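To start, the structure under review is shown below, and the notes come after it.
So that the names make sense, note that chain A is the first sequence line, chain B the second, and so on, each numbered from 1. Worth saying up front: this structure is predicted, and the values here are computed from it rather than measured.
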Amino acid sequence: MTTPIIEVEDLHKFFKQARKNSLDKNKYVRAVNEVSFSLCEGESFGLVGESGSGKSTLGQVILQLIKQTSGTVKYRGKNVSSFTKKELKAWRRQVQIVFQNPYASLNPKKSIGWTVEEPLHIHKIGDRVFRRQRAIEVLEEVGLDHSFMDRYPHELSGGQRQRIAIATAIILEPEFIVIDEGVSALDVSVQAQILNLLKKLQRKYKLTYLFISHDLNVVQYFCNRIAVMYLGEIIEIGKTVELGSSPKHPYTKGLFSSILSIEEADELKLLEGDLHRFSNDIEACPFHDRCKFAMDICQSVKPKRQKVGNYHEVGCHLYDIKNENKESILKVN
Amino acid sequence: MSAPILTVENMDVSFKIASENYKALENITFSVYPNEVVGIVGESGCGKSLTSQAILGILPKNAIVEQGKMKYKHVDLRELKDKDWRKIRGKNISMIFQEPMTALNPLVTVGKQISEGLKVHTSYSKDEMKKRTIQMMEKVGLPRAKELYKAYPHQLSGGMQQRVVIAIALIAEPDLIIADEPTTALDVTIQAQILALFRKIKYERKSSMIFISHDWGVIRNICDRVLVMYAGHIVEEGTLSEILNNPKHPYTKALIQAIPDHRKRGIELFTIPGKVPSLQDRKRDVCPFADRCSHRFDACDKEVPKIERIEGTHAAKCHLYTKEAGLHRDYTNH
């Protein structure tokens with residue numbers, strides 16, 4: 001594998017509970033908990049999990065849009081939380097984000113040209129003529145012609161708006177882009193156009209993507225590696241080919257068997273219950289109360305992530321070396 | 001087959017925008033038979049939801065049904081007054097919407113919202129209504145039904161809210177349920193649970209359903225028959241396997257090819273150029289898909305194709321299959 005562009009070590013992000021809900025008496029929400037992984041240059045890394053699993057928070061902490069509670073994020077070996085204001089601004093040229101809702105992420109009062117040029121303004125790059133020229137270039141890159149410069153967001157379709165969001169993200173020629181549910185709001189045919197566009201841009205600019213999505217079909221199509229999040233933790237991580245064809249964690253198994261494919265499929269295996277509120281029970285496996293294979297140890301000791309294949313790691317007690325029954329337990333499934 | 005429970009024939013729906021009339025649905029014809037799940041697929045803006053709103057008589061104020069017949073069993077739905085509609089909605093035909101949080105009243109307890117259907121349509125005693133409501137809550141998989149009876153919607157998760165919406169739709173035992181993207185707002189695991197619930201309802205209660213979705217995976221897992229809509233037209237219809245395994249209309253083919261999955265890794269996805277035309281930009285009297293179609297030929301710009309039966313229940317609205325364009329019939333073999 002090539003050198004890491006992003007390294008995340010033991011990252012935590014806790015949010016204070018704003019008000020006490022009758023169903024949840026915890027003071028803190030552990031949105032990101034003990035997360036470590038690294039991203040290699042030029043890869044598309046998929047982050048999957050149900051809503052509330054902490055995917056978006058993780059993406060935003062990596063970009064320092066929110067500060068972590070503890071842990072470090074390194075960009076090309078440099079610790080980003082020790083950056084001065086000036087360094088942070090310079091770094092922002094290299095990293096970008098594309099959000100889910102193209103209807104909410106564009107300023108309705110500003111023309112498309114203004115929106116696309118804005119990053120150049122902020123970083124004081126070029127003069128007016130250059131900025132306009134560059135904006136037109138980038139629009140063409142994402143498949144829109146120069147006539148869009150003077151139009152406004154309300155005149156555009158969802159797919160076109162998402163192209164604008166991508167144009168704004170690539171105008172500074174970044175190295176790393178977080179795509180937070182970037183194609184989820186789009187129809188299949190438009191979604192396919194945007195996915196192809198992202199692939200094309202990746203090849204051209206050697207981009208690295210952190211691709212956050214709840215759609216496992218899209219992630220399996222698009223990404224080289226996948227990490228599965230559950231209640232703020234990465235419980236399984238591996239190459240798409242490996243993880244997709246033989247998921248190990250009981251949660252990942254449930255998640256992948258819930259995928260609705262258009263191919264002939266077996267009866268869906270249902271994952272019972274839903275994502276619980278974040279618990280403060282930090283000693284237990286986060287999944288133990290929904291898990292069919294829960295053992296005594298799952299309630300008292302949190303599993304560590306361990307290797308189950310070349311690049312494949314899983315955090316589950318079923319794969320503890322000492323556990324001799326694991327094969328027989330899993331076969332019953 | 002027995003008599004259809006719902007028939008829609010040659011229905012046109014128009015919107016009035018700035019004193020101009022725009023046709024949003026054209027020549028919609030289909031039937032729903034007892035114990036059958038009919039899926040409607042297509043991109044946003046193709047008229048899927050509008051079709052269901054027209055059937056239930058809940059069209060937006062500036063839209064009207066211009067012509068056509070809509071019959072529920074022997075009742076002519078176009079003749080109904082508001083007063084008659086109230087007896088039918090919920091009792092005979094009920095609707096499930098996409099966003100559970102906007103479909104539920106945040107100020108009313110879950111139990112009250114579910115039992116409302118009984119209050120309106122039956123003369124059960126209070127105790128009987130409560131008993132039936134709790135039974136229904138258990139049936140749709142709401143745990144601790146007695147406690148949740150008094151809960152408010154915001155205290156429930158998205159999946160549980162959607163179960164409440166389904167309970168509301170089922171409580172008066174309708175024989176036709178129209179579900180408009182009922183799982184789109186849910187996580188995959190919850191979506192799988194809700195689809196399993198719909199299948200259970202179908203087998204246990206023998207209800208008919210119209211299931212609207214843009215997600216082929218959902219359609220594949222619940223529907224018996226499928227209608228594909230594009231720009232206000234039904235462009236193809238057939239059984240689930242006819243549509244999925246042997247799609248005929250270029251639009252249906254393209255839609256299915258555009259679905260990403262792990263088997264297509266490393267391959268560029270098939271796309272349809274352009275986008276669904278907005279209501280104001282639609283061309284009249286030509287094939288609605290012609291502008292985006294890779295098989296366009298002269299006939300496509302001359303008239304709207306008629307729906308042509310291909311085989312059995314399978315039909316498509318495309319000039320490649322009409323008799324006048326016989327030369328192009330060999331396309332069917334591709």
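In terms of non-hydrogen atom pairs under 4.5 Å with chain B, the most contact-rich of Asp187(A), Leu186(A), Val190(A) is Asp187(A). When each of Gln257(B), Gln191(B), Lys264(B) is checked for heavy-atom pairs under 4.5 Å with chain A, Lys264(B) comes out on top.
A salt bridge links Glu43(A) with Arg225(A): at least one charged nitrogen is closer than 4.0 Å to a carboxylate oxygen. Between Glu43(B) and Arg292(B) a salt bridge is recorded (basic side-chain N to carboxylate O distance below 4.0 Å). Between Lys283(B) and Asp291(B), at least one side-chain nitrogen of the basic residue sits less than 4.0 Å from a carboxylate oxygen of the acidic one, meeting the salt-bridge criterion.
For Leu240(B), no part lies under 4.5 angstrom from a heavy atom of chain A. In this structure, chain A has a heavy atom under 4.5 Å from the backbone of Pro273(B), while its side chain stays farther away. For Leu195(A), the part sitting under 4.5 Å from any heavy atom of chain B is the side chain, from C-beta outward, and nothing else. Only the side chain of Leu244(B) comes within contact range of chain A, with heavy atoms under 4.5 Å apart. With a threshold of 4.5 angstrom between heavy atoms, Asn217(A) approaches chain B through its backbone and through its side chain. Of the two parts of Leu216(A), only the side chain, counted from C-beta on, holds a non-hydrogen atom closer than 4.5 Å to a non-hydrogen atom of chain B. Neither the backbone nor the side chain of Val219(A) comes within contact range of chain B; no heavy atoms are under 4.5 Å apart. Residue Ser189(A) touches chain B through both its backbone and its side chain, counting heavy-atom pairs closer than 4.5 Å. If you measure heavy-atom distances from Lys275(B) to chain A, the contacts under 4.5 Å come from the side chain alone.
A side-chain contact (heavy atoms from CB on, under 4.5 Å) with Ile212(B) is found for exactly one of Asp180(B), Thr184(B), Val38(B), Val218(B), namely Asp180(B).
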Exercise. For Tyr230(A) and Tyr251(A), run ring pair (Phe, Tyr, Trp, His ring centres under 6.0 Å): C-alpha distance rounded to whole Å, both residues' side-chain angles, the deciding distance at 0.1 Å, then the answer.
Key: CA-CA 8 Å; Tyr230(A) 189 79; Tyr251(A) 175 68; 4.5 Å; yes
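Remark: the His312(A) side chain and the Glu236(A) side chain contain an N/O donor-acceptor pair separated by less than 3.5 Å. Glu236(B) and Thr252(B) share a side-chain donor-acceptor pair at under 3.5 Å. Donor-acceptor pairing under 3.5 Å is lacking for the side chains of Asp215(B) and Ser213(B).
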